[in-house]
Structures are given as structure tokens and as C-alpha cells.
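A, B, ... follow the sequence lines: proteins, then strands. Residue 1 opens every chain. Because the structure is predicted, anything quoted here is derived from the model rather than measured.
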Number of protein chains: 2
Amino acid sequence: MSPTPRAGELRWDIIELLFFAYRDFVGDADHELEAFGFGRAHHRVMHFVHRYPGLKVADLLDVLRITKQSLGRVLKQLLDEGYIVQKTGNNDRRQRLLYATAKGEALVGKLAGLQTDRINRAMQDIDPAGQETVRQFLRAMIDRDDPDKVLETIFGSGKKPRE
Amino acid sequence: MSPTPRAGELRWDIIELLFFAYRDFVGDADHELEAFGFGRAHHRVMHFVHRYPGLKVADLLDVLRITKQSLGRVLKQLLDEGYIVQKTGNNDRRQRLLYATAKGEALVGKLAGLQTDRINRAMQDIDPAGQETVRQFLRAMIDRDDPDKVLETIFGSGKKPRE
DNA sequence: CAAGATATGTCAACATGACTGACATAAATT
DNA sequence: AATTTATGTCAGTCATGTTGACATATCTTG
């Protein structure tokens, strides 16, 4: 009933830290992407296609939570410029399974390298147990109801797509 | 020289967890904002004006890293609809110091409540030391060169703007 | 005091990446 | 054979970002 039901307990600190941390984290990649004429949308598509080879278009729509129309534009560019290839599904020939090309992997790797540098810097004074705590926190921040294919893989049975 | 200079050491797990965690974290507020006809831009402006009362327009531009034109649009809406008020600076009468109204505070509080719920859920199995580790990680993810006024407050001397 | 710098506001024009809703095609399922 | 599914595409719109130019009030400096 009261207008500010929990004035003292709001997590202002974490809310702001998340804002600034994410701003600078994606900023690393943004800078590099400009040189390719790409934006964040391209990065996200490239990232997930690289990490989960054979991803269907429908899966990608679920993961990115954007519309077909929005995805179509960036996907077409990435296909045209040879960063991604499509293969017709074996079982279901309507499906277009997506794979990163060598060119695509190089780009994703470069961007992941920049972000990894930042993460390593941030983790350097945190012991392995603490690093696992950070992972635990991030995992627990994610909605578990209605998980998409990628989240199922991440949470599912401990199995990872690569490495 | 090699095309993928550190194939094995990239932090794919953290990179993806950050993506999903942030997606769902801002998703909480996005949903609520629709009811007000506002977007994320409005939320960010409201948040920082509320948290750092008397912020100058120039400070806000630094923090949000957007242009005057972009800020002007959303700020005008928030002023017109009574979520924020401007006061002329005492020392420098060119400055427009920004303050949240009661209406503005109510909105920010509501959104922060949603995000706090998610953070509390994520933190519930993490002990105080672990929670401090999470903060340490997030702080270390932020660029410290060229800090804006808000970051100076956050990092500066341990002093916090409120509470 | 006059001149220049600064803080803010505003204009036009444009780009990106999201959206909706409709429709087309091919292939699978019933 | 009819329906559903997976994908692609069209037209139009919106929110939020950009640049560059310019106006005004006010502060600072020579």
C-alpha cells in the first residue's frame, strides 16, 4: 500500500554496477565491429551460430528474442558477405541449419578475445571459488522458465557445445 | 600471427552468461515501461537523476554516452510529463540541475523493485563474502580511465549518494 | 567592458535495429 | 488432399541513436 514499499532494501549498487559493467563489456566489441560495418545485432548472430553450429533460424529467433524480419536483415548480410553458410536439414529439408565460416569464426574469435581480456582483468584478483560464485550469480539471474535451445544446453546437463 | 591466438582460453561461458543475465535483467523493466509509453532510454535518465539529485545535463551525457540530441528528446518528455524538474544552478546560472519529482521517484522505485527481486533471488544462496566477490567482479569490469561524475562517486571515496 | 568560452536547447537529416501484419513457398505431417 | 510448419520477404512504422549547424544565456578572461 505504501508508495515506496521497500525504500531501504533496493539493490541500487548492483543495479548500477550491472549497467556500467555491461556498457563497457559490449563497448569493446562495438568499437571493433564498426570497422566491419556491422552492429551488435551481427555480433550476437555470429556468436551463437559459431557456438552452437547447426542452429536453426527458429532457435536463433528464440535466443535473440527478436522478430523474423529483424533477424532476416542481419542474417542476409552475414550470408552474403560469407561469414555464415546455410545447409538444408537432413531430417527436415525445410530447415536451414546455420554454420560459421572460417571468416566468421575469425571475427567472433577476435571479439571474444577483447571481451575475454576484460573478464580476465576483472577475475585476476578472484580465486577459483570466487570465480565460481560469480558464475553462480550470473546463472541465477537468468529466467529458467521457457528456456530456449541454447539455455537448455547451458543449464541442461552440464554438457557444453564446445571446448 | 596465428588466426585464433587463444582458442582454448576464451571465456565463452562468462560472455554468454552476461548476455542472458543482462537480457533478462533489463527485460523486467522493459515490460513495465511499456505501460507508461516509455523505453529504456527514459528509464536510464530517470534512474540517474533520481540517484544523483542535482545532476547537470552535461553529467548525464557523460554517463549515458549518448548525444545531446538523443538525450534532449527523452528529457523533454520526462519534463513535460512531470517526472523530472529542472532548477537553475546557484553558482552557475547556465546550468540546469535535474531532480526527480515524487512521480518520478515512484516510477524508478517500482522498476528498481522488480530488478531487486531478481537480484535477491540470484543472491539468496550466496553468502555475504560471495556477494562481495560479485560486486568486486562487476566493479572490475568497468573502465576506470576517464570516469564520469557518477563513476567517481561510485569508486571515488566509498561515499554513496544515498541511503 | 568587450571578447571568447561554456552550458544548454533546438533544428534538419539520417542510420540502425527493433516492431507488426500480411503473404509466398516448400516440405512435413495428418 | 488438406493442414501445419519453417523459412523468406514485402511494406510501413517506431524508438533511439548519430552528425553538424546554430541560438541564447551566462560565465570567464584579457
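Atom CD1 of Ile84(A) is separated from atom C1' of dT7(D) by 15 Å (rounded to the nearest Å).
Taken residue by residue, residues 24-39 of chain B places heavy atoms nearer than 4.0 Å to DNA chain D at Gly39(B). Shown for residues 61-81 of chain A: residues whose heavy atoms fall under 4.0 angstrom of DNA chain D, namely Lys68(A), Gln69(A).
Seen from the ring of Tyr99(B), Lys87(B) counts as a face-on cation partner, given the 6.0 Å and 45° thresholds.
Between Ile84(B) and Leu75(B) there is a side-chain heavy-atom pair separated by less than 4.5 Å.
A salt bridge between Arg118(B) and Asp143(A) is present, with a side-chain N of the basic residue lying under 4.0 Å from a carboxylate O of the acidic one. In summary, Asp80(B) and Lys76(B) engage in a salt bridge, as defined by a charged side-chain N under 4.0 Å from a carboxylate O.
Other residues, nucleotides and ligands contribute at most 12 non-hydrogen atoms within 6.0 Å of the CZ atom of Arg93(B).
The shortest non-hydrogen separation linking Leu78(B) to His42(B) is CD1-O, 4.0 Å.
Within the structure, every pair that satisfies the salt bridge (charged side-chain N to carboxylate O under 4.0 Å, His left out) test and touches residues 33-50 of chain A, not counting sequence neighbours, is listed here: Asp30(A)-Arg40(A). The salt bridge (charged side-chain N to carboxylate O under 4.0 Å, His left out) pairs that include a residue from residues 131-140 of chain A are Glu132(A)-Arg135(A), Glu132(A)-Arg139(A), Arg135(A)-Asp13(B), where partners are two or more places apart or lie in different chains.
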B/S/- along nucleotides 24-30 of chain D (protein heavy atoms under 4.0 Å) is -BBS---

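Checked against a 6.0 Å centroid threshold, the rings of Phe137(B) and Phe25(A) do not count as neighbours.
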Going through the checks in order, is the salt bridge (Lys or Arg N to Asp or Glu O under 4.0 Å) test met by Arg11(A) and Asp117(B)? CA-CA 9 Å; Arg11(A) 297 268 199 176; Asp117(B) 289 344; over 6 Å; no

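Within the 3.5 Å criterion, the main-chain N or O of Ala112(B) finds a donor-acceptor partner in the side chain of Thr116(B).
When DNA chain C is scanned 5' to 3' for any atom under 4.0 Å from a heavy atom of chain A, the first and last hits are dG17(C) to dA28(C).
Using modelled atom types and a 3.5 Å distance limit, the side chains of His47(B) and Glu16(A) yield a donor-acceptor pair.
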